[in-house]
Chemist: 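Provided herewith is a single structure, encoded as structure tokens, for subsequent inquiry.
Basis for what follows: all heavy atoms, side chains included, without hydrogens, waters or symmetry-related copies. Here the structure is a predicted model, which is why all the values come from computation and not from measurement.
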Amino acid sequence: MRSTLQIAFLLLIVLAFFVGLEVIRVTVGVVGAGAARDLVALASNPLVGLFVGVLATALLQSSSTTTALAVTFAGAGVLPFEAAIPIVMGANVGTSITSTAVAFGHVTRTDEFRRAMASATVHDAFNALAVLLLFPIELATGLIARTSELLVQLTSGLGGDAVLRPVSSVVEPIAEAIVGWVPSAWVALLAGLLMLFGALRLLVRLLREVLLERAEQLLDRYVFGTPGVALLCGALVTMLLQSSSITTSIVVPLAGAGILTTRQVFPFVLGANLGTTITAIVVGFLLAGGDSATGGLALQVAFAHVCFNAFGVGLIASVPALRRLPLQAAERLGRLAADNRALAVGYLVGFFFLLPLLVLFSTRSY
């Protein structure tokens with residue numbers, strides 16, 4: 001009975017998630033031309049778009065929510081594809097705030113805090129390095145844009161959007177009823193955002209209750225023997241839990257206790273970065289399966305998320321000199337944080353909040 005109720009609740013949460021996305025797609029284009037122009041103008045600067053992604057994810061505590069919104073806005077025709085790519089990149093950086101915050105649970109014990117901060121910030125360091133490498137490459141060559149466009153073409157005949165078309169036929173009437181019932185498009189947009197955020201939070205919570213104990217057993221017994229296995233398990237656990245933040249946070253206490261090293265945690269984090277792309281892919285196929293004329297653009301944004309993470313993992317993991325950089329940076333930061341707790345707090349607040357805000361405000365002044 002308990003399992004049946006959990007499955008029913010899970011289906012309701014997923015339905016609410018999709019309805020929220022559809023409400024956003026329907027309303028975001030009609031909330032006002034001025035607001036749409038402001039959003040496009042803000043994100044038209046790639047650097048600003050990057051830090052919008054960082055800040056939004058740090059505030060929402062979910063890169064899945066940020067990337068789902070980017071995919072949905074692109075599907076609504078409000079956000080150009082080129083502007084969505086930096087936001088997706090920034091979301092990858094912002095998501096590592098959760099595991100870094102978890103490390104502060106060890107703040108009263110110096111050695112544990114050093115190990116925990118190192119294992120947590122290796123995620124920060126990897127994502128920052130991936131952006132530093134791929135952001136200028138993308139601006140110069142459009143590598144991610146072209147590859148994601150090719151993936152859309154290759155998958156167009158596989159029927160991925162057709163699989164989710166029945167879902168669209170259920171979701172769209174519910175969303176239209178909500179939009180017609182509320183007094184204004186702005187209220188409908190807010191309702192859609194609340195449904196999206198709330199459903200994703202509930203989904204993560206439910207999956208965490210059902211799967212987390214099994215995931216921890218999997219980590220303890222099988223995961224950290226070889227880097228390849230750790231990477232695959234990191235991707236699998238993240239796909240199941242729908243949250244790279246939870247996946248990476250699982251290993252922080254283990255590292256703080258001295259059970260794992262930062263070097264063992266690193267490939268698991270790489271896998272989590274790959275697994276977190278599943279949410280955007282599902283949203284992209286859902287929008288591509290609906291009646292939206294720009295559904296293909298939404299799917300391309302989702303594939304851009306996959307490409308960025310896959311290219312980052314492939315490039316950094318395959319080059320020894322690059323592979324060492326996140327490890328060295330994280331271990332150095334762990335030592336500095338253990339020696340100076342104020343510096344650790346300054347890093348958390350400055351990197352994820354103050355720096356993005358500084359970039360946004362300095363850009364707006366022009």
Side-chain angles (χ1 to χ4, degrees), residues 57-58 61-63 92-129 204-205 207-209 211-227 229-231 233-238 240-241 243-273 275-276 323-353:
T57 305
Q61 290 284 290
S62 173
S63 63
N92 263 42
V93 175
T95 193
S96 54
I97 186 176
T98 304
S99 57
T100 304
V102 168
F104 278 82
H106 302 266
V107 71
T108 59
R109 295 174 291 277
T110 300
D111 287 341
E112 288 189 20
F113 188 48
R114 173 181 54 78
R115 292 191 294 262
M117 279 294 288
S119 69
T121 56
V122 75
H123 195 197
D124 308 9
F126 168 78
N127 284 330
L129 179 60
V204 169
R205 182 177 178 180
L207 292 174
R208 184 177 182 176
E209 291 176 356
L211 300 172
L212 189 54
E213 182 178 349
R214 298 174 187 174
E216 288 177 337
Q217 293 173 358
L218 177 69
L219 300 183
D220 290 338
R221 294 181 184 178
Y222 307 112
V223 170
F224 295 100
T226 64
V229 173
L231 187 147
C233 288
L236 178 62
V237 172
T238 303
L240 292 173
L241 295 177
S243 173
S244 61
S245 299
I246 291 179
T247 305
T248 54
S249 297
I250 290 172
V251 298
V252 171
L254 299 177
I259 298 172
L260 299 175
T261 65
T262 305
R263 193 171 297 275
Q264 289 176 301
V265 168
F266 186 38
F268 185 77
V269 166
L270 301 186
N273 266 33
T276 195
R323 190 168 62 242
R324 288 192 293 268
L325 287 176
L327 289 167
Q328 293 169 348
E331 290 172 353
R332 174 64 173 166
L333 186 54
R335 289 192 296 269
L336 291 173
D339 292 338
N340 189 333
R341 306 301 200 272
L343 180 63
V345 174
Y347 165 76
L348 183 69
V349 176
F351 184 71
F352 293 103
F353 296 104

Chemist: If every non-hydrogen atom of Phe353 is compared with every non-hydrogen atom of Leu348, which pair is closest and at what distance?
Modeler: CD1-O, 4.1 Å
Chemist: Among residues at least two apart in sequence or on other chains, which ones pass side chain to side chain donor-acceptor pair (under 3.5 Å) with Arg341?
Modeler: Thr110
Chemist: For Ala118 and Thr262, work out which heavy atoms get closest and say how close.
Modeler: CB-OG1, 3.4 Å
Chemist: CG of Leu260 to CZ of Phe266: how many Å apart, nearest 0.5 Å?
Modeler: 15.0 Å
Chemist: His123 and side chain to side chain donor-acceptor pair (under 3.5 Å): which partner among Thr95, Asn92, Asn273?
Modeler: Asn273
Chemist: Report the distance from atom OG of Ser119 to atom NE2 of His106, rounding to the nearest 0.5 Å.
Modeler: 7.5 Å
Chemist: Taking only residues two or more places apart in sequence or in another chain, which ones pass side chain to side chain contact (heavy atoms under 4.5 Å, CB included) with Ala120?
Modeler: Ser99, Thr100, Ala103, Val252
Chemist: Please output the side-chain donor-acceptor pairs of residues 329-340 that fall under 3.5 Å, not counting sequence neighbours, one pair per line with the distance.
Modeler:
from, atom 1, to, atom 2, distance (Å)
Asn340, OD1, Ala342, N, 3.1
Asn340, OD1, Leu343, N, 3.2

Chemist: Counting C-beta onward and ignoring hydrogens, is there a side-chain heavy-atom pair between Val345 and Phe104 closer than 4.5 Å?
Modeler: yes
Chemist: If you look at every heavy atom in Phe352 and Val93, which pair is closest and at what distance?
Modeler: CE2-O, 3.5 Å
Chemist: How many angstroms lie between atom CG of Leu270 and atom CG of Asn127, to the nearest 0.5 angstrom?
Modeler: 9.0 Å
Chemist: Using the side chain to side chain contact (heavy atoms under 4.5 Å, CB included) rule, take Ile97 and Phe351 through it: C-alpha gap first, then chi angles, then the decisive distance, then the call.
Modeler: CA-CA 9 Å; Ile97 186 176; Phe351 184 71; over 6 Å; no
Chemist: Would you say CZ of Arg323 has more than 12 non-hydrogen atoms from neighbouring residues, nucleotides or ligands within 6.0 angstrom?
Modeler: yes
Chemist: Give me the atom names and distance for the closest heavy-atom approach of Thr121 to Tyr347.
Modeler: CG2-CE2, 3.9 Å
Chemist: I'd like to know if the side chain of Thr276 and the backbone of Ala272 have a donor-acceptor N/O pair within less than 3.5 Å.
Modeler: no
Chemist: How long is the span from the CG atom in Leu231 to the CG atom in Leu236, to the nearest 0.5 Å?
Modeler: 11.5 Å
Chemist: Can you see which heavy atom on Phe113 is nearest to which on Ala344, and at what distance?
Modeler: CZ-CB, 3.9 Å
